[in-house]
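Shown next, in structure tokens, is the structure this report addresses.
For ligands, and for the atoms within them, numbers begin at 1 and follow the listed sequence. Note that these values count all heavy atoms, side chains included, but never hydrogens, waters or copies made by symmetry.
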Amino acid sequence: MKFLHFKLPMMALALVMLPSMAFASGNLDSNDFTGMSFWLISMALVASTVFFLIERDRVAAKWKTSLTVSGLVTLIAAVHYFYMRDVWVSTGTSPTEFRYIDWLLTVPLLMVEFFLILSAIAKVPAGVFWRLLIFTTLMLIFGYLGESGKMNVMAGFVLGMIAWFIVLYEIFAGEASKISAEQASETVQKAFNLMRWIVTIGWAIYPLGYALGYFMGGVDGASLNLIYNLADFLNKIAFGVIIWHVAVSES
Ligand SMILES: *C/C=C(C)/C=C/C=C(C)/C=C/C1=C(C)CCCC1(C)C
């Protein structure tokens, strides 16, 4: 019961603090589905954070860090979502800066998760971790330069895509894929597989949104943000749930 003294008050605090970080803005318009999706996903992220952190007590020691990192991903995203929603509701413009700051923090953490899953069952060379980290970061930097107009929007896209393909190569054919295939238990291998399909299919939604938004005739800001929001729901919450599932079944 010792954890109750520390953890429950912290969580109560987090729950109270998160919504209050949103500054006052207009009400949600009944046709603003993008605004509603910002709100819905914020709340789903808060709930997931509490869930992952509480469930941490239920799993074996070697899985605890994974659940902590999942909780941090959803916590960081929840806070950014409150700010993004306010930018959206009060100005109707894309909260590009908050969006990329959120991604810049959470995507590397998701790569840490990948690395932790592998490390839970094998000794993984540090190079794997650094490659995943460096190329996901480059992917985001080029995406931001393109979306914010600091670089040609097509050049940012192409360079970002190259960085993403290098990540895909690493997890499907590179050193990371071999570690999982050779040494992991069946559950961990299944999780690793699911996780890499998330990084392929789930992550593909973002460049698709970018391409739809900026080339191919273009979609409006509302559609682009709705696409990014749904993708975040999948890639942050579903990704965490997969890890939680492995952690619980391997404990
Ligand atoms: C929680 C947030 C996540 C998982 C964000 C992921 C973002 C991407 C996979 C973005 C990818 C992009 C490219 C592959 C090309 C350039 C444009 C980006 C940044 C949208």
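Residue M161 has at least one heavy-atom neighbour below 4.0 Å for each of these atoms of ligand 1: 14 (C), 15 (C). Close contacts between ligand 1 and T106 involve ligand atoms 1 (C) [criterion: under 4.0 Å to a heavy atom]. Below 4.0 Å from some heavy atom of D232 lie the following atoms of ligand 1, by number and element: 1 (C), 2 (C). Shown in contact with G143 at under 4.0 Å from a heavy atom are these atoms of ligand 1, numbered in order with element: 17 (C), 19 (C). Proximity to V107 (heavy-atom distance under 4.0 Å) selects the following atoms of ligand 1: 2 (C), 3 (C), 4 (C), 5 (C), 6 (C).
Ring geometry for F114 against F239 counts as perpendicular: the plane angle is over 60°, on a 0 to 90° scale with 30° as the lower cut.
Only the side chain of L110 comes within 4.0 Å of ligand 1, judged by heavy-atom distances. Contacts of Y100 with ligand 1, taken as heavy-atom pairs under 4.0 Å, involve the side chain alone. At a 4.0 Å heavy-atom cut-off, ligand 1 does not touch E147 at all.
For T68 and R56, the side-chain atoms include at least one donor-acceptor pair closer than 3.5 Å. There is a side-chain donor-acceptor pair under 3.5 Å between N225 and S94. A donor-acceptor pair shorter than 3.5 Å can be found between the side chains of Y81 and N229. Between the side chains of S48 and T74, no donor N or O sits under 3.5 Å from an acceptor N or O. With hydrogens and angles left out, the side-chain atoms of T91 and T93 include a donor and acceptor closer than 3.5 Å.
Around the CZ atom of F51, the shell of radius 6.0 Å holds more than 12 heavy atoms that belong to other residues, nucleotides or ligands.
Between M139, H80, R99, it is M139 that holds the heavy atom closest to atom 12 (C) of ligand 1. Nearest residue to atom 3 (C) of ligand 1 from Y206, F142, F157 is Y206 (criterion: closest heavy atom). Closest heavy-atom approach to atom 17 (C) of ligand 1 within the set Y210, Y228, W203, F233: this belongs to Y210. The option from P207, G160, A163 that lies nearest to atom 16 (C) of ligand 1, judged by heavy atoms, is G160.
Ion pairing between E250 and K62 fails under the 4.0 Å rule for side-chain N and carboxylate O.
Atom 2 (C) of ligand 1 has K236 NZ, 2.4 Å as its closest protein atom, hydrogens excluded (heavy atom only).
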Going through the checks in order, is the ring pair (Phe, Tyr, Trp, His ring centres under 6.0 Å) test met by W103 and Y228?
CA-CA 11 Å; W103 288 354; Y228 281 167; 5.0 Å; yes
